[in-house]
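Both backbone and side-chain heavy atoms feed into the values below; hydrogens, waters and symmetry mates do not. Quick note on labels: first sequence line is chain A, next is B, and so on, each numbered from 1. Note that the structure is a prediction, hence the values are computed from the model and not measured.
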Number of protein chains: 2
Amino acid sequence: MSSGSNQPNRKPTINDVASQAGVSKKTVSRVINGSQGLSVTTRERVEQAILALGYVPNPQARALALGRNFAIVLLHDNPNAQTVQNFERGILDAIRHSELALMVRPVDRRSPAMLDDVAAFLQQQRPIGAIILPPISERDEIGALCRSMGVRFVRVGSAALDDDDHSVTSTDRIAVTEACRLLIAMGHRRIGFVRGPQGFRSAAERELGFHAAMEAAGLPVPPDYSAQGDYRFESGRSAGRLLLSLDPRPTAIFASNDEMAAGVMHAAFERNLQIPRDLSLVGFDDSPTATHVWPSLTTVRWPIRDMGVLAAEKLVGDFLPSRRFSSDFVHLPSELVERASIAPPPVA
Amino acid sequence: MSSGSNQPNRKPTINDVASQAGVSKKTVSRVINGSQGLSVTTRERVEQAILALGYVPNPQARALALGRNFAIVLLHDNPNAQTVQNFERGILDAIRHSELALMVRPVDRRSPAMLDDVAAFLQQQRPIGAIILPPISERDEIGALCRSMGVRFVRVGSAALDDDDHSVTSTDRIAVTEACRLLIAMGHRRIGFVRGPQGFRSAAERELGFHAAMEAAGLPVPPDYSAQGDYRFESGRSAGRLLLSLDPRPTAIFASNDEMAAGVMHAAFERNLQIPRDLSLVGFDDSPTATHVWPSLTTVRWPIRDMGVLAAEKLVGDFLPSRRFSSDFVHLPSELVERASIAPPPVA
DNA sequence: TCATGGATTGACACCGGTGTCAACGTGCGT
DNA sequence: ACGCACGTTGACACCGGTGTCAATCCATGA
């Protein structure tokens, strides 16, 4: 078995196809790349040979010749695994049946070497493009870096971060306003707010949405009804303890993400408050946690998977056999998901 | 700027290093790869040139020459995003400072074309190795596939799946036994069990651990005290409804993962049962959900990140500058995390 | 009838590494 | 002084594609 026949079944190369079809390898290359100016008969002959041999181009060779890897990178430093994975899924949905591969690259936003790491990575791997998730998508240097290295990029965010060709956003602010309007319509007047971490665009957007709703209803937002959080469970619990110790205490609280909302829940339960009887609660993200807690959490669903699809299509639409979104699409709607954690306020 | 100087600052190649050091490119290649039989002076000269130019080998060119991509793939079809991401993190910890890249490849276990997909992917990308997560790691065909394509692989599981060189496992069964022993020691006699999906090794292991504890204590396990689940929230809720409608009903329930445990919680709350006063509950995974629910869930922590490190080291230890585990390490301990969801049973 | 030009196609170098094998210089035994 | 083995190095082809440019073919107009 080891000797005898020459290379029993190695993968066919462009040369095999060329000789099988009786043309030069360059012509095969033209067929693969769908170049103009090939006679129909030649093209067909080559296509037949490709089919007959089951030929698939070697991505490594192309990468070397073109100085570009047929891959896109997902750059992220997102604490929420579910979010990242939904994005992955969306991107993979989009690039399925294409010749592209996905590489995932978590980075450390707190490291001073972060930009250098990214630069080295792009330099090494030479991907076609990068999709950058929040919060690091908010740093303009990353876009600049990609530009300077000739790597296409799309920044994902809660609000426009770049020109439309380079951003995909969801309508967070509007969705938050809508959620708060619902609370107000139910009769809530004292609504507390748990902020996301400072310096995050998404956090700012959610807060703007909150203030918009309150202002539109002519309701005051005393400073102590806003508590600082950092998107993590513990910070939500602390913020909740703070807000619930106020007098009069809020009858509803909007937390800037589900994890912090779960923390607020703990704070409420610690004080023997019932949800939603004594306190209405709204989160943001529609993470698994939102359905797992009791009562299940009213929240805002981020269209993450669709955003992944859209981001990928924006980035490498020219490589994809089909698209779901038109190319000038940018904003995807976040929507309110009503569950069991809200109710009219207790009659005072 | 566009004309004038020739290639202002392209990336240096092996040729640049070679001429800078006054040697042939092959010699540079030898230095890069740490080959034997180079004179010290030559090696030093080349190393200086490399440093001076800031040369980094081009992975695409190597991939072409060697017919191998300097990357490892994470193959998974795991419903739990957190689990997958923790694995990613572990793997990335291990391959940091190496020249390897990580590609993530989710697959669809239910698709009949799954194996073909994987084969095509490996054929295309030609990674050095693959790390395969449960549940697909339990399918022997994947190991066989990797073997036949010359791709190294490590299968991750809850019990030995292959020879030690190809598996990394956690001690799930022992940890479950320990958890149940704790319940028994608290005084519980009627303990319900929510099974994981059929055909999953991890599900079988957890069930074995449960039975081992019960048997050791001489406690019966009536068949209707075991309910079928599929690792998803909804199935946990259904199973919980079933178990809690029994008479006498169990005073404690072990759910084979946290998500199902959250479902059981919902079932308990629906019946106005309090946890842990009326029902003790234990989950498995230590997912974010376990800390977010109220009361927080006693669960078993899977050493996922460490398993990622170990799997990567097992797979490509020869490429890594340093290792954390010795090469014959295989089993990593899962450990019980005690939280607020268990207590002695109510006095009848 | 022959020059002209556009449409097709191929020859060849190149991308940046690695494998093979021969060539070189050195120290040794005789 | 010579042949030899060995340690060290380089020349060259090759991995499997793509870019450049020239060669070929055919139809057209003078």
Chemist: Mind checking if A:Leu38 touches a base, just sugar-phosphate, or nothing, with heavy atoms under 4.0 Å?
Modeler: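 The residue A:Leu38 makes sugar-phosphate contact but no base contact.
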
Chemist: Hey, which of B:Thr42, B:Val31, B:Leu38, B:Val17 is the one that makes side chain to side chain contact (heavy atoms under 4.5 Å, CB included) with B:Val23?
Modeler: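 Of B:Thr42, B:Val31, B:Leu38, B:Val17, side chain to side chain contact (heavy atoms under 4.5 Å, CB included) with B:Val23 is met by B:Thr42 alone.
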
Chemist: Name the closest nucleotide to the B:Tyr55 side chain, picking from C:dG17, D:dG17, D:dG19.
Modeler: C:dG17

Chemist: Could you walk me through whether B:Arg139 and B:Asp77 pass salt bridge (charged side-chain N to carboxylate O under 4.0 Å, His left out), step by step?
Modeler: CA-CA 12 Å; B:Arg139 296 192 48 178; B:Asp77 178 14; over 6 Å; no

Chemist: What I want to find out is whether B:Asp117 reaches B:Arg105 closely enough, with some N-O distance under 4.0 Å, to be called a salt bridge.
Modeler: no

Chemist: With a 3.5 Å cut-off and heavy atoms only, can you find an N or O donor on one side and an acceptor on the other between the side chain of A:Lys25 and the base of C:dG10?
Modeler: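 Answer no: no donor N or O sits under 3.5 Å from an acceptor.
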
Chemist: Taking the minimum atom-to-atom distance to the side chain of A:Thr42, which one of C:dT9, C:dT18, D:dT18 wins?
Modeler: C:dT9

Chemist: Using whole Å, report how far CD of B:Gln60 lies from P of C:dG16.
Modeler: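 Value for this atom pair: 10 Å.
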
Chemist: With a 4.0 Å cut-off on heavy atoms, is A:Val28 in touch with a base, just the backbone sugar-phosphate, or nothing at all?
Modeler: nothing

Chemist: Just how far, in rounded Å, is P of C:dT8 from CZ of A:Arg45?
Modeler: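 Taking atom P of C:dT8 as the reference, CZ of A:Arg45 is at 14 Å.
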
Chemist: CZ/A:Arg126 to CD/B:Gln60 distance, rounded to the nearest 0.5 angstrom?
Modeler: 7.5 Å

Chemist: Heavy atoms from C-beta onward define the side chain here; which of C:dG10, D:dG16, D:dT9 lies closest to that of B:Arg30?
Modeler: D:dT9

Chemist: With respect to the side chain of B:Thr27, which nucleotide from D:dT9, C:dG16, C:dG10 is positioned closest?
Modeler: D:dT9

Chemist: Out of C:dG19, D:dT9, D:dT18, which has the shortest distance to the side chain of B:Leu66?
Modeler: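 Minimum distance to the B:Leu66 side chain belongs to C:dG19.
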
Chemist: Between D:dG17 atom P and A:Leu64 atom CG, what is the distance in whole Å?
Modeler: 12 Å

Chemist: Ignoring backbone atoms, establish whether B:Asn58 has a side-chain N or O less than 4.0 Å from OP1 or OP2 of C:dC15.
Modeler: no

Chemist: Base, sugar-phosphate, or nothing: which does A:Pro57 touch, judged by heavy atoms less than 4.0 Å apart?
Modeler: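 Since only primed, P, OP1 and OP2 atoms lie under 4.0 Å of A:Pro57, the category is sugar-phosphate.
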
Chemist: OP1 or OP2 of C:dA11 sitting under 4.0 Å from any side-chain N/O of A:Ser24?
Modeler: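 Negative; the distance criterion is not met.
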
Chemist: Determine: side-chain N/O of A:Thr13 to OP1/OP2 of D:dC15, distance under 4.0 Å, yes or no.
Modeler: no

Chemist: Give a yes/no answer on whether the side chain of A:Ser39 brings an N or O atom under 4.0 Å of OP1 or OP2 in C:dA7.
Modeler: no

Chemist: In terms of side-chain heavy atoms of A:Lys26, which of C:dG16, D:dG10, D:dG19 is nearest?
Modeler: D:dG19

Chemist: Give a yes/no answer on whether the side chain of B:Asn15 brings an N or O atom under 4.0 Å of OP1 or OP2 in C:dG17.
Modeler: no

Chemist: Figure out the CD/C1' separation between A:Gln36 and C:dG6, and round it to whole Å.
Modeler: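 So the two atoms are 15 Å apart, to the nearest Å.
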
Chemist: Separation of B:Glu44 atom CD from D:dT8 atom P, in whole Å?
Modeler: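 My rounded result for the distance is 14 Å.
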
Chemist: Among C:dG17, C:dG16, D:dG10, which nucleotide sits nearest the side chain of B:Ile14?
Modeler: C:dG17

Chemist: Within less than 4.0 Å of OP1 or OP2 of C:dG16, is there a side-chain N or O belonging to B:Arg62?
Modeler: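 No.
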
Chemist: Less than 3.5 Å apart, any donor N or O on the side chain of A:Ser39 or A:Thr41 sitting next to an acceptor on the other?
Modeler: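 The criterion, which ignores hydrogens and geometry beyond distance, is satisfied for A:Thr41 and A:Ser39.
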
Chemist: Round to the nearest Å and state the distance from A:Asp16 atom CG to D:dG17 atom P.
Modeler: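 Result: 9 Å.
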
Chemist: For A:Asn69 and D:dG17, what is the distance between atoms CG and P respectively, to the nearest whole Å?
Modeler: 15 Å

Chemist: Output, in order, the C-alpha distance, side-chain angles, deciding distance and verdict of salt bridge (charged side-chain N to carboxylate O under 4.0 Å, His left out) for B:Asp140 and B:Arg147.
Modeler: CA-CA 11 Å; B:Asp140 290 323; B:Arg147 251 185 265 269; over 6 Å; no

Chemist: Specify the separation, in whole Å, of atom CZ of A:Arg43 and atom P of C:dT9.
Modeler: 10 Å

